[in-house]
Structures are given as structure tokens and as C-alpha cells.
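Numbers restart at 1 for each chain; the letters A, B, ... are given by sequence-line order, proteins then strands. Every heavy atom of this structure was used, including side-chain atoms; hydrogens, water molecules and symmetry mates were not.
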Amino acid sequence: MANFNIDAKKDLTYDAIVVGSGISGGWAAKELCEKGLKTLVLERGPIVEHVVDYPTMNWDPWDMEYRGGLTPEEKKKHYKNIRSGWVGKDTEHFWADDEANPYTEEKPFLWLRGHQMGGKSLLWGKQTYRWSDLDFEANAKDGHGVDWPIRYKDIEPWYTYVEKFAGISGEALGLPQLPDSHFLPPMELNCVEKHVKERIEKNFEGRNMIIGRVAHLTQPHNGRGQCQNRNRCSRGCPYGAYFSSNAVTLPAANATGNLTIRPYSIVQEVIYDDAKGKATGVRIIDAETNEVIDYSSKIIFVNASALSTAHILMKSTSKRFENGLGNDSGELGHNLMDHTYRVGAIGKVDGFEDKYYKGRRPNGIYIPRYVNIDEKSKSDKFVRGFGFQGSGYRGGNPANIESFGADFKDSILKPGDWEFFITGFAECLPYHDNKISLNKDVLDKWGQPTLTIDAEFKENEKALNKQIQEDAVEMLETAGLKDVMGFDKEHPPGYGVHEMGTARMGRDPKTSVLNGFNQVHAAKNVFVTDGACMTSSSCVNPSLTYMALTARAADHAVSELKKFNI
Amino acid sequence: MDRRKALKKAGLLAGATIAMPSLFSLLQSCKNETRLDWQPEFFTEDEAKTISALIDTILPTTDTPGGLDVKADMFIDKVVAQTYDAEGQQNMRNAIAEFNASCKEKYGAVFPELSDADKTAVLKEAEASSPKFNPGVWGTTVGDQQPVGFYRSMKSMAIWAYFTSEEMGENVLSYDPIPGTYEPCKPLSEVGNRWSL
């Protein structure tokens, strides 16, 4: 791959500026560059070039001094991130430094960030699902939040468009609540998963269990290699087999010759010109030199991730927007949502002791939403719904076996019990009082006000979680599993890493920040297409929807530019 | 059922790398000396002997390497020295002292100096009285986890050190860094030991 142009010194003027290079920023860069716009991508962290900058991608446990363990200094650097359970020596360089990037938790909230080129597209779960009109109509139907300004038909062609380029593997089911994508061949269920699937589908009408739909290539696609089943995705994939900005969209943007990417760029604000009545550029602080630089452009995509995007808009004040760019409604920073996380059930499966598998499939099973999808499935305990992810594998903790010595040691060389778990992801309602705000008392090392996060799951989410656990236990017990244990880690928001809603789309500028094409209502050359734009949270993973909304918004932006409308 | 029969039944003697003791483990056969042949970074000599004796009792050398053959004790010492904070280190020190004090009280000597029969008795008791680890989902345990105590956490650490050693990972367990395909339902007999990765 060609090197990236990081020389943003000689040229301070671009057609477009994209703030952030994660999943949505990468798509914005690709689409705008391919449409001929000279585009500057501003990235807070370092360049991470595909393959070249994946230092741990081939490490075995014994290649790490402490086999994945972190030193006290590393733990301190990640003292918040570490609560997720995801941070080890193999990936710690891709998680933001909590000490250098503080935030204040009014109520417990885990804010996981990836401050590098590619952002969290290097770390995401790759589960990739279309949303449906069940989601886009939800707010309008039950009155929570505001109505989405779009419906499934508006975004459907864009789902197809991004899926064809990204490469999504999965199985078509024809379910209205979970529309099928344009699929590459599905990954396979193992024998225990097939066994549980049969039992669940036989005993529970309307419930399906499928292999996860994922942004992993199951065959070569657009010059990228297929998944080798190493399951070392979060270290960066040398085959480019999963979708990341680094492997997919940014190289495509770069190939046009129109891309400049500027690393170590902390965005101070989007510059709004009161006289011109529009945004004219972006002011950054060089993270290394503290130099302040203004870049100008015709259009600006703010794709810094849901909370950071709202943070930047809040810091972008002017006479016209005293409370933050585009914040006429007072909704900027509000309606923060995430999915509930780690609530479900786990059990053991007998009868497959002579079966094993080869390969570390980076995917599991999915049980699509089955409650509140029609009159018959309506719950009187909560609105909205949930889906399950999970998997079957040979696990068992050998340290739990009540034995030791020669026979014990030799017995644990063979694989342990088959275990199977499912864990639910519940939709979170958009509550105005789940919010972030600027904290001018705590400044970061660049003198920037930080964020205070004040959000919690409320009664509806708790009722959904209760149902998730009950249903999970019932399904696993009915499927014949033994030692079934229900669980609810009662995680506060943030653990699902699906932050959404802090600059929501809507029909009415009085109650929303963005219009139906992700333009700031009152500053139409500013676009937001990351999680901040989401009007509701659905119960399915949101990244594919960010991709589709971004491609759609970029298309609209260029069309409006050509018409001199923005 | 005796162990070799059990192994045969599980198909574990199929692969040469599994049945053959490594040269390394043969060289390490003399391991019951009372003096340490390595310099701990964190543990005192007596603490190190306790950890080594525990590992050797839980994961002894058979025709496959034992915990000491892959230097699990030295690795645990390094992990405690370099990745534990001061409080964690002190807790470890206290737990070893408490464990040995209990051995002394019941059997008249610290753990590494007990007879094999007494070591077995101590660990049988510890097995019976130690809570177990809850299952894990995506990197964290779920449910209401009781503190498992010194014995089970050290056992867990020893197994981790053992399984993640290069010798075990590449030569004893089934090793396949780049599987390529996913075979979802493969006879265990065609794989042999558990996957190391």
C-alpha cells in the first residue's frame, strides 16, 4: 500500500475536512476523496498503517514477557479501560491513555476510546446487522425520543452499497426485524451450536439462532485476503480480512490522490463564521508541539466518535452558537445511549466429548430480536427489545477440577467441557437526562475542557435485562444444558461500546441537532455521521448503520456542493 | 482406569510429540534438591521453594513435562515481581506465610519440607475447601464470585504459566497459529491435545 500523505503543512485549505478516522470517518474520507474532493482527515493519535503498524499481530503468549499481563505502569495508564476485560499486552497500544485523556464519571460510565488512525475500527466486534423499520419507527410509535427523519427505504440502498465494498459474511433469513445484507458465505456453527440451535428453534416458536453476521471476509474480496481463523483481530489483521479503516476505506481514499491525513491533531473547535453563516474550517492543536493551526474547507464531517463529536461541537462556540455549534435545540450532548452488556446465561453441554474444532473462528451465534416485533410478541413489561450473541466452545477451567498430580495434569492436556453461553444486548431509550457536559474544571494536557458523563440505565433497560436473563436461562435449560447459570454483570452504560445519540437526527430543529442527511440543522455544511447522530439505539450493533449513513451523507454533501447549496 | 489407558481412550498417545518426553524434561529430572537453582526476583528463597513445591505437586513431570520443566515457578516469580502492585505483592507474601503456617500447625513443617503423602493431604484439604472460579464470558467472570483463596488461585496461575509456556504451547499442546479454515466439528482424535491458542 502506498504511504499516506501526512504533509498538511503547505496546504491549509481543502474541499473537505473529516475529523476522525474510525469506522465512519474512514468511510467519509473514502467517499469524499472518490468524488474528487481534496480531503484532510484529522486524527488525534498516530498513523497506524495497515500491517506495518501491527506490532503484536503474530505474537504467541510466550512471545510476551508476562504472557499478556500488564505492568503496574501500564495498568495505571489504562486504569479505566481495564474494567472492560479487553485490555492486554497484545492490544494495549490501541486503547487510549486514560491518564492523558481524563473524563469525569458523574455516574459510572466506561468510555473506551481508540486514539489512532483507524480508531476503534481496529478493535470493534465486527458484528454487522441492518436495522429495520422496527427500529426507525420505534420512537414515533411509543413516544420515547423524537422520530427518526428517515426510514429503512432511505438507507437500504446505502446498506447494500457499503456491504458490497466492506464484505459482510452471513446467512439470509428473510426476517423483517433483521433485514438480510448483501452476504458473502456465512461462517459455520460448530456441532454444539447446531445442537442448541435445533433445540431452541424446536421449542420456541419465532426464535432463530444463526451464525453471527460479521465484517469478516470468508473469501477474498476487493484485493483483501480471507479470514484465517486466528482470532487475533484486535491486534490488526495482516490479511485485511476484517473491516477496518486501516485496511479498507483509508487505502481506498488514499488511492485517489486526494487524501491528506494529519496525525496528532487535537481538534479544538469547528470554526463558524457568523458573517458567512456557515462553518469555515477546523482549529487544531498539534498534540506534540502544541501549535494551533486553522484549516479551512467547504464542508466538515465530524466523526470523532459519539461522545468526542459532541464534545467538539460543544467546544465550538460563536456568537451564533453560544452553547455549542448546532445546539439551538439544547439537545447537544443529551440522549446518550448504549446497549446493555453481559447479561445472559451459560451452561455445559454433554454428549460431544469426542468432538472438537479446528480454528479460532472470530464470530459466534446470534439470536435476532423476538419480543415486541408484532402484536403476538408484545410485552407488557417493557418497550423495545433485545437480541443475543453467544457461542459454544470447549472451555472449562482446569483449576476448578478437584484434583492435582500426575493424572490430573495429563487429563487437562485434553480439552475441557463444552460450554455454551448467550448474552443479550438490549435497546436503551433516549433519555434527555443521560448526558455529557463540558468540564472546565478538569483540563487535559492541551488545556482543553474535558467531559463529564452523567448517564444510567433506567427502568425500561432493567426490565429488558430481567427478561434477557430469564429467557436465556429458560432457553439453555430447555435445550438440555446442565449447570445453567444466569448472570447480569449490571454494567453501567459504556461497556457495550455502542455510545449513541449525543447529536441526534430529527425532523424538527427545535428538538434535534441534525437533519435527515446528517447535516447540522443550522450549519448545513457540517455533517455528523458517527454514533452521535443516532436517534434511537435499536438492539442490534450499530456500526453498519454508521457506514451506510456516512456514505449517504457524503453523497448528499457533494451533490449539495455542486448545486452551491452549502 | 489407569492413566495410560485413559490417555489411549482419549487418543492422546496418537501423536509422537505428545508421547515423547522432551529432551528438556529429561535434563530436568533431578528437581527435588532442597536448594533453589535460580535466583528469584520477588520471592524469598523459602517462598520460592513453596511455590515450586506446589507447582510440582499439582503438575508433576510424567512422560510429558511438568510445571517445573517449563519453569512455571520462575515465571510466576517474574509476574509477581513485575506486574503486581505493592499491595498485591504483600498479599501474595501473606498468603504464602499463612499457607505454610497452616501446614506447620497440622503437619509439623512448611509445605516444601513435607513428605509427599503430607503434601497430598494438604492439597486434598485445600481442594475440598476452596471455592471455584465462576465461568467467564468475554474476558470477565460472571455471577457472584467468591474469593477462591490462595491455593486455587495459585493452581490457576500455575496452569496458566504451564499452558502458555513455549514448550507446552508449541510441542505438547496442539499448536496452529494460522489455522486457515475453521473446521466446526472435528473428531477429537484427529486433534489430540487441547489447542494451545
Interface moiety of T120(B) toward chain A, non-hydrogen atoms closer than 4.5 Å: both

Hey, does the side chain of R152(B) reach the backbone of A399(A) with a donor-acceptor pair shorter than 3.5 angstrom? yes

Flag side-chain contact, heavy atom, 4.5 Å: N363(A) against Y182(B): no

Is the side chain of N400(A) donor-acceptor paired with the backbone N or O of F133(B) at a distance under 3.5 Å, no angle test? yes

From the list V79(B), D144(B), V137(B), the residue making the most non-hydrogen contacts under 4.5 Å with chain A is V137(B)

Honestly, the part of E190(B) sitting under 4.5 Å from a heavy atom of chain A is neither

Looking at side-chain heavy atoms only, is the closest gap between F163(B) and P398(A) below 4.5 Å? yes

Is chain A contacted by the side chain of Y84(B), its backbone, both, or neither, given a heavy-atom distance below 4.5 Å? backbone

Flag, side chain of K409(A) to backbone of P65(B), donor-acceptor distance under 3.5 Å: yes

Side chain from CB out, backbone as N, CA, C, O: work out which of these in M168(B) comes under 4.5 Å of a heavy atom of chain A, or both, or neither. side chain

So, taking the atom named CG in D56(B) and the one named CZ in F404(A), what distance separates them when rounded to the nearest 0.5 Å? 12.5 Å

Look at G143(B), A126(B), G169(B) and state which one has the largest set of heavy-atom pairs under 4.5 Å with chain A. G169(B)

Whatever's closer than 4.5 Å to a heavy atom in chain A on I159(B) counts as side chain

Point-to-point distance, once rounded to the nearest 0.5 Å, from CG of D176(B) to CZ of R360(A): 6.5 Å

What is the distance from atom CG of L413(A) to atom OG1 of T62(B), rounded to the nearest 0.5 Å? 7.5 Å

Can you tell me how far the CZ atom of F408(A) sits from the CG atom of L123(B), to the nearest 0.5 Å? 11.0 Å

Can you confirm if the aromatic rings of F487(A) and W138(B) lie within a centre distance of less than 6.0 Å? no

Atom pair CG/CG of N397(A) and N134(B) - distance to nearest 0.5 Å: 10.0 Å

d(S403(A) OG, K155(B) NZ) to nearest 0.5 Å is 6.5 Å

Under a 4.5 Å cut-off applied to non-hydrogen side-chain atoms, are L59(B) and I412(A) in contact? yes

Examine distances only and state if a side-chain atom of D354(A) and a backbone atom of P187(B) form a donor-acceptor pair shorter than 3.5 Å. no

Atom NZ of K194(A) with >12 non-hydrogen neighbours under 6.0 angstrom: yes

Please check if the side chain of R67(A) supplies one atom and the backbone of A161(B) the other of a donor-acceptor pair under 3.5 Å. yes

